[in-house]
Undergrad: 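A single structure is presented below for examination.
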Amino acid sequence: MNSIRARAERIGAWLDRSDADVLAIQELKCRDDQFPAQVFSERGYEVAFHGLNQWNGVAIASRVGLADVEIGFPDVPGFGDQDDVEARAISADCGGVRVHSLYVPNGRELDHPHYTYKLAWLEALRAEVSRTLAADAGTRLVLCGDFNVAPEDDDVWDMAEFDGATHVSEPERTAFAALLDAGLTDVARPFTPGPGVYTFWDYQKLRFPKKQGMRIDFQLASPALAERAEDAFVDREERKGKGASDHAPVVVDYSG
DNA sequence: ATGCCATAAGCGTTATGA
């Protein structure tokens, strides 16, 4: 998202255009008291949000119900001197599906403490998914968000550009693969085969017009939900024009 | 050789993004 206040009008227009039942948003960059809730309420959506400061921030908007909102998840690690838990996870029941909106830590550099934090965060997420599926294998849940990992070489435009960089390192890819091993499916991929399909394009260096992006945003669904996926696409239109976010929405149709 | 983009906080410059 990269700031919901700077793009409140665009979000409203996107809801009108997409006709989405549920929208998971990340990187709000605002506190709860600054959140533009009216954009959602005036369109008939309920919305749950969590923002602590100008960093991070996550939300879920739904017009098919929004119940049992949970901030964070069990054993989620924190960051910094005080191990502060950041505003990177929120979940809710939306029309029979447990929807998670997740903003995985960036990692910054391979030798940075933020990278260690990122790996620990992903492992804590995997453990929570494993627990949930062990308790009820038929549960319908989906992890939506910015995972800050490009799982395959096809998920970046040029691997040589990412030599020594985060997002493509083996430990990050192993941590992402563990989510799939836990039983989740990257539901959009069969409908959006690569190479050349991305969800993020850096603002710098004309990355979007040059089609130089990364596929780092996903919907990872449990078996009982994944089997209902009928179609999916990355809404590249939303990356165009004045005031666009650097990410584009990953849209999945679960009407099956 | 370097800056190039964009946001928030806040009014100069830094932190963050990926």
Side-chain angles (χ1 to χ4, degrees), chain A residues 1-11 14 25-36 39 49-59 78-82 84-89 101-122 144-173 175-176 194 196-218 234 236 238-250:
Chain A
M1 180 80 252
N2 193 0
S3 179
I4 192 163
R5 283 176 292 167
R7 303 185 218 292
E9 278 191 35
R10 279 191 75 119
I11 286 223
W14 188 82
I25 312 167
Q26 301 83 36
E27 207 178 1
L28 305 175
K29 291 182 133 178
C30 71
R31 300 184 307 267
D32 284 353
D33 62 286
Q34 300 171 310
F35 186 87
V39 170
F49 43 89
H50 176 49
L52 298 171
N53 50 40
Q54 71 269 44
W55 310 122
N56 316 307
V58 284
F79 183 68
D81 294 339
Q82 315 298 324
D84 292 323
V85 174
E86 300 178 308
R88 295 183 177 274
S101 180
L102 305 170
Y103 183 37
V104 176
N106 171 292
R108 299 183 188 168
E109 309 289 340
L110 296 181
D111 59 357
H112 196 285
H114 210 258
Y115 180 80
T116 312
Y117 168 50
K118 177 181 194 172
L119 296 178
W121 204 97
L122 283 166
C144 306
D146 177 359
F147 286 76
N148 272 322
V149 179
E152 308 285 343
D153 289 357
D154 275 356
D155 296 327
V156 299
W157 80 94
D158 180 4
M159 276 300 289
E161 289 274 342
F162 289 85
D163 187 33
T166 58
H167 294 63
V168 300
S169 74
E170 210 50 55
E172 288 165 283
R173 286 180 166 180
F176 184 89
V197 172
Y198 308 122
T199 65
F200 165 89
W201 298 262
D202 200 305
Y203 286 123
Q204 299 188 57
K205 302 180 182 176
L206 299 173
R207 292 301 189 203
F208 184 65
K210 289 180 177 174
K211 304 187 188 309
Q212 298 176 335
M214 307 171 73
R215 194 173 74 102
I216 55 176
D217 301 272
F218 302 93
V234 179
R236 290 184 73 261
E238 200 54 29
R239 182 61 180 79
K240 299 179 182 176
K242 185 175 170 58
S245 166
D246 39 7
H247 293 257
V250 176

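Order of the sequence lines sets the chain letters (A, B, ...), proteins ahead of strands, with each chain counted from 1. Because only heavy atoms are used, hydrogens play no part in the values below, and waters and symmetry mates are left out as well, while side chains stay in.
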Undergrad: In this structure, how many angstroms lie between the P atom of B/dA18 and the OH atom of A/Tyr198, rounded?
TA: 17 Å
Undergrad: Give A/Arg88 one of three labels, base, sugar-phosphate or nothing, depending on what nucleic acid heavy atoms sit under 4.0 Å from its own.
TA: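 Since only primed, P, OP1 and OP2 atoms lie under 4.0 Å of A/Arg88, the category is sugar-phosphate.
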Undergrad: Taking only side-chain nitrogens and oxygens of A/Arg108, does any of them come within less than 4.0 Å of OP1 or OP2 of B/dA18?
TA: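 No, outside the criterion.
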Undergrad: Are the aromatic rings of A/Phe79 and A/His114 close, with centres under 6.0 Å apart?
TA: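 Yes, the ring centres sit under 6.0 Å apart.
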Undergrad: Consider the side chain of A/Asn106, meaning its heavy atoms from C-beta on, and name the nucleotide among B/dA9, B/dT7, B/dG17 that approaches it most closely.
TA: B/dG17
Undergrad: Return the value, rounded to whole Å, for the distance between atom CG of A/Asp202 and atom P of B/dG17.
TA: 13 Å
Undergrad: In this structure, how many angstroms lie between the P atom of B/dT16 and the CG atom of A/Asn53, rounded?
TA: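 My rounded result for the distance is 10 Å.
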Undergrad: Starting the side chain at C-beta, find the nucleotide from B/dA15, B/dA18, B/dA9 nearest to A/Met214.
TA: B/dA18
Undergrad: Backbone N or O of A/Phe208 within a donor-acceptor pair of the A/Arg239 side chain at under 3.5 Å?
TA: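 Checked: no pair found.
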Undergrad: Check the distance between B/dT16's C1' and A/Leu52's CG and give it to me in whole angstrom.
TA: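 In whole Å, B/dT16 C1' and A/Leu52 CG are 16 Å from each other.
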Undergrad: Please confirm whether the shortest side-chain N or O distance from A/His247 to OP1 or OP2 of B/dA18 is below 4.0 Å.
TA: yes
Undergrad: Find the distance A/Tyr117:OH to B/dA18:P and express it as a whole number of Å.
TA: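 Nearest whole value for this atom pair: 13 Å.
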Undergrad: If the C1' atom of B/dC4 is compared with that of B/dG17, how far apart are they to the nearest Å?
TA: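 Result for the C1' pair: 16 Å, nearest Å.
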Undergrad: Let me spell it out: for each of A/Phe79 and A/Cys30, pick the nucleotide of DNA chain B with the closest heavy atom. Which residue's pick is nearer the 5' end?
TA: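 Final value for this comparison: A/Cys30.
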Undergrad: Taking atom P in both B/dT13 and B/dA1, compute the distance separating them and give it to the nearest angstrom.
TA: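 It comes out at 28 Å once rounded to the nearest Å.
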Undergrad: In terms of side-chain geometry, is the basic nitrogen of A/Arg173 or A/Asp153 positioned less than 4.0 Å from the acidic oxygen of its partner?
TA: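 Answer for the salt bridge query: yes.
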Undergrad: Looking for any heavy atom pair under 4.0 Å, which part of the strands does A/Gln34 touch: base, sugar-phosphate only, or nothing?
TA: sugar-phosphate
Undergrad: Provide the distance between the two P atoms, one in B/dA18 and one in B/dT7, to the nearest whole Å.
TA: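 Pairwise P distance, B/dA18 against B/dT7, rounds to 14 Å.
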Undergrad: By nearest atom, which of the nucleotides B/dA18, B/dT7, B/dA9 is closest to the A/Ser3 side chain?
TA: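 Closest of the options to the side chain of A/Ser3: B/dT7.
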Undergrad: In whole Å, what separates the P atom of B/dA15 from that of B/dC11?
TA: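 Each nucleotide's P atom is 15 Å from the other's.
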Undergrad: If I take atom CD in residue A/Glu27 and atom C1' in nucleotide B/dC5, what distance separates them, rounded to the nearest angstrom?
TA: 13 Å
Undergrad: Among B/dA15, B/dC4, B/dT7, find the nucleotide with the atom closest to the side chain of A/Gln204.
TA: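 For A/Gln204, the side-chain atoms sit closest to B/dC4.
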Undergrad: Separation of A/Lys210 atom NZ from B/dC5 atom P, in whole Å?
TA: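 Value for this atom pair: 13 Å.
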Undergrad: Are A/Tyr203 and B/dG3 close enough that a side-chain N or O sits under 4.0 Å from OP1 or OP2?
TA: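 Checking B/dG3 against A/Tyr203, no side-chain N or O comes under 4.0 Å of OP1 or OP2.
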Undergrad: With C1' as the reference atom in both, quote the distance from B/dT14 to B/dG10 in angstrom, rounded to an integer.
TA: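 Straight-line distance between the two C1' atoms is 11 Å.
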Undergrad: Using a heavy-atom cut-off of under 4.0 Å over every strand shown, decide if A/Asp217 touches base, sugar-phosphate, or nothing.
TA: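 No contact at all - A/Asp217 keeps every heavy atom at 4.0 Å or more from the nucleic acid.
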Undergrad: Could you tell me whether the phosphate oxygens of B/dT7, OP1 or OP2, come under 4.0 Å of any side-chain nitrogen or oxygen in A/Arg7?
TA: yes
Undergrad: At 4.0 Å (heavy atoms only), tell me whether A/Arg5 reaches a base, stays on the sugar-phosphate, or touches nothing.
TA: sugar-phosphate
Undergrad: Report the distance from atom CG of A/Asn56 to atom C1' of B/dA15, rounded to the nearest whole Å.
TA: 12 Å
Undergrad: May I ask you to check whether over 12 heavy atoms, not counting those of A/Glu9, lie within 6.0 Å of atom CD?
TA: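 Atom CD in A/Glu9 is not packed in, count stays at 12 or less.
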Undergrad: Looking only at side-chain atoms of A/Ile216, point me to the closest of B/dA18, B/dA8, B/dT7.
TA: B/dA18
Undergrad: What is the minimum heavy-atom distance between A/Asn148 and A/Asp146, and which atoms define it?
TA: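 That would be N-OD1, 3.0 Å.
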Undergrad: Which comes earlier along DNA chain B counting from the 5' end, the contact point of A/Gly107 or that of A/Leu28, where each point is its nearest nucleotide?
TA: A/Leu28
Undergrad: Using a heavy-atom cut-off of under 4.0 Å over every strand shown, decide if A/Tyr103 touches base, sugar-phosphate, or nothing.
TA: sugar-phosphate
Undergrad: What about the rings of A/Tyr115 and A/His112, do their centers lie closer together than 6.0 Å?
TA: no
Undergrad: Please determine whether a side-chain nitrogen or oxygen atom of A/Arg207 lies at a distance below 4.0 Å from atom OP1 or OP2 of B/dC5.
TA: no
Undergrad: Using 4.0 Å as the upper bound for N to carboxylate O, is an ion pair formed by A/Arg207 and A/Asp202?
TA: no
Undergrad: Is the phosphate of B/dA18, meaning OP1 or OP2, less than 4.0 Å from a side-chain N or O of A/Asn148?
TA: yes
Undergrad: Taking the side chain of A/Ala6 as its heavy atoms from C-beta onward, which of B/dG17, B/dC4, B/dT7 lies nearest to it?
TA: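 It is B/dT7.
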